[in-house]
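Values in this document were obtained by computation on a predicted structure and should not be read as measured data. The chains referred to below are lettered A, B, ... by the order of the sequence lines, with proteins before strands, and numbering in each begins at 1. Heavy-atom basis, side chains included; hydrogens, waters and symmetry copies ignored.
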Number of protein chains: 2
Amino acid sequence: MAKIPAEAVERLHSQGYKLTKPRQAILAWFFAEQTMITAQELYRALVQRKAGVGLTSVYRNLEVLVEVGLLRQVCFHDGCQRFELVQPGEHQHHLICSGCGRVIKFSGCPLAKLERDLETTTGFTVDRHSLQIFGRCRQCQEESTLGNRSI
Amino acid sequence: MAKIPAEAVERLHSQGYKLTKPRQAILAWFFAEQTMITAQELYRALVQRKAGVGLTSVYRNLEVLVEVGLLRQVCFHDGCQRFELVQPGEHQHHLICSGCGRVIKFSGCPLAKLERDLETTTGFTVDRHSLQIFGRCRQCQEESTLGNRSI
DNA sequence: ACCTAACTGAAAGTCATTTTCAGTTAGGTT
DNA sequence: AACCTAACTGAAAATGACTTTCAGTTAGGT
Ligand SMILES: [Mn+2]
Ligand SMILES: [Mn+2]
Ligand SMILES: [Zn+2]
Ligand SMILES: [Zn+2]
């Protein structure tokens, strides 16, 4: 089975979590594939790899891995939850094609000043944000014309 | 039953939709409350008001009202879908307290330039984005300094 | 008044996710 | 190495949001 970076194992142990076989298989998948996936898709992928991991453990461990900060959960607009590796020091968002689902990561998030302003005007303490930009990739642009509505 | 703005009724009719009793009750709720709500919560609210609207119709009509542009669907980070009125000409986002769920709307979204840049660098056509900022409101910040609370 | 496509609620179905529970294991202690 | 035990596991059952089905109803145009 693939090797998991010592830093990730350390992160688990330091919060009282063990490096179990399911945990190892799930982390190995993310380190190998470097992409986003849903719980159900991940379960099917692990079955194919004969990793011997139950669906229950997939759900439980995705939750744990988000909690310790190794993964992040992204809510797509259709309500479907996807998970991906948190790269150390990264700050990225997604540009998503509504036609084919293609995902492009980008950095250069211009929200820092807005967040500082909101903290002073509202008294909130800001600790994270969720941003996705939706559109149509070049291939999908001919197909349809959707209205321009933002959230 | 509360009056629905003619502009909204016109919007429905122009797309072949009728102003039915469930549709009217749902729109009336949104125009009266001016806030976000999930399908299930809205169903319970309408039951309380004795509006005589079935759960199926709540789901069906929220979908229709989003389609004609009277409502918008917002995916919270926990995956729960909420709906709210689209105010004409607005462009707002939400600052959400992770502690108590309090929601503050804000405008002044700084994403226009980013979107223009992304269009030129990726070839995508951008048509909408989803942004929510999460933190803790003043009340919930105090609570967390009070230490553990009893159940 | 009549017509009919749009619409309705109840019930059944789907499906992602959670809970339960009896047994297993990682990894620290002796 | 043997031991201990809280963390952990998978199977099965439960939950809960949402969708589909369907036989009957209604909005609204002619
Ligand atoms: Mn950002
Ligand atoms: Mn915006
Ligand atoms: Zn595309
Ligand atoms: Zn709060």
Does [X] have any side chain to side chain donor-acceptor pair (under 3.5 Å) partners at least two apart in sequence or in another chain, and if so, which?
X: B:Tyr43; answer: none
X: A:Glu63; answer: none
X: A:Arg49; answer: A:Glu33
X: B:Glu119; answer: none

### Task
Would you indicate whether B:Gln48, at its atom CD, is surrounded by more than 12 heavy atoms from other residues, nucleotides or ligands within a distance under 6.0 Å?
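At most 12 heavy atoms, drawn from other residues, nucleotides or ligands, come within 6.0 Å of this atom.
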Quick one: list whatever passes salt bridge (charged side-chain N to carboxylate O under 4.0 Å, His left out) with [X], sequence neighbours left out.
X: A:Glu41; result: A:Arg82
X: A:Glu90; result: A:Arg72
X: B:Lys18; result: none

[X] [atom1] to [N] [atom2]: how many Å, rounded?
X: A:Glu41; N: C:dA16; atom1: CD; atom2: P; answer: 10 Å
X: A:Asn61; N: C:dT17; atom1: CG; atom2: P; answer: 15 Å
X: B:Leu65; N: C:dA6; atom1: CG; atom2: P; answer: 17 Å
X: B:Gln15; N: C:dA5; atom1: CD; atom2: C1'; answer: 17 Å
X: A:Gln24; N: C:dG27; atom1: CD; atom2: C1'; answer: 14 Å

#### Entry: Residue pairs, two or more places apart or on separate chains, that pass side chain to side chain donor-acceptor pair (under 3.5 Å) and touch residues 97-113 of chain B
B:Lys113-B:Asp117
### Message
Just checking B:His129 against A:His93, ring centres under 6.0 Å apart?
### Response
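No, the ring of B:His129 stays outside the 6.0 Å limit from the ring of A:His93, centre to centre.
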### Query
For B:Val58 and B:Gly16, take the nucleotide of DNA chain C holding the closest heavy atom to each; which residue's nucleotide lies nearer the 5' end?
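On the 5' side of the pair lies B:Gly16.
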N/O to N/O distances under 3.5 Å, protein versus nucleotides 18-20 of chain D:
unit_1, atom_1, unit_2, atom_2, d
D:dC18, OP2, B:Tyr59, OH, 2.7
D:dC18, O5', B:Tyr59, OH, 3.4

### Task
Convert the base pairs of DNA chain D into dot-bracket notation, remembering that pairs crossing earlier ones are written with [ ] and that bases paired across to another strand are shown as |; include only Watson-Crick or G-U pairs under 3.5 Å.
||||||||||||||||||||||||||||||
### Task
Would you kindly compare A:Val64 and A:Tyr43 by the position of their nearest DNA chain D nucleotide and give the one closer to the 5′ end?
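The residue closer to the strand's 5' end, by nearest nucleotide, is A:Val64.
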Distances for protein N or O near nucleotides 27-30 of chain D N or O, under 3.5 Å:
unit_1, atom_1, unit_2, atom_2, d
D:dA27, N3, B:Lys18, NZ, 2.9
D:dG28, OP1, B:His13, NE2, 2.5
D:dG28, OP1, B:Leu19, N, 2.8

### Query
Considering residues at least two apart in sequence or located in another chain, which fulfil the side chain to side chain contact (heavy atoms under 4.5 Å, CB included) criterion with A:Leu27?
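Partners of A:Leu27 by the side chain to side chain contact (heavy atoms under 4.5 Å, CB included) criterion, ordered by chain and then number, come out as A:Ile4, A:Leu12, A:Phe31, A:Leu65, A:Leu70.
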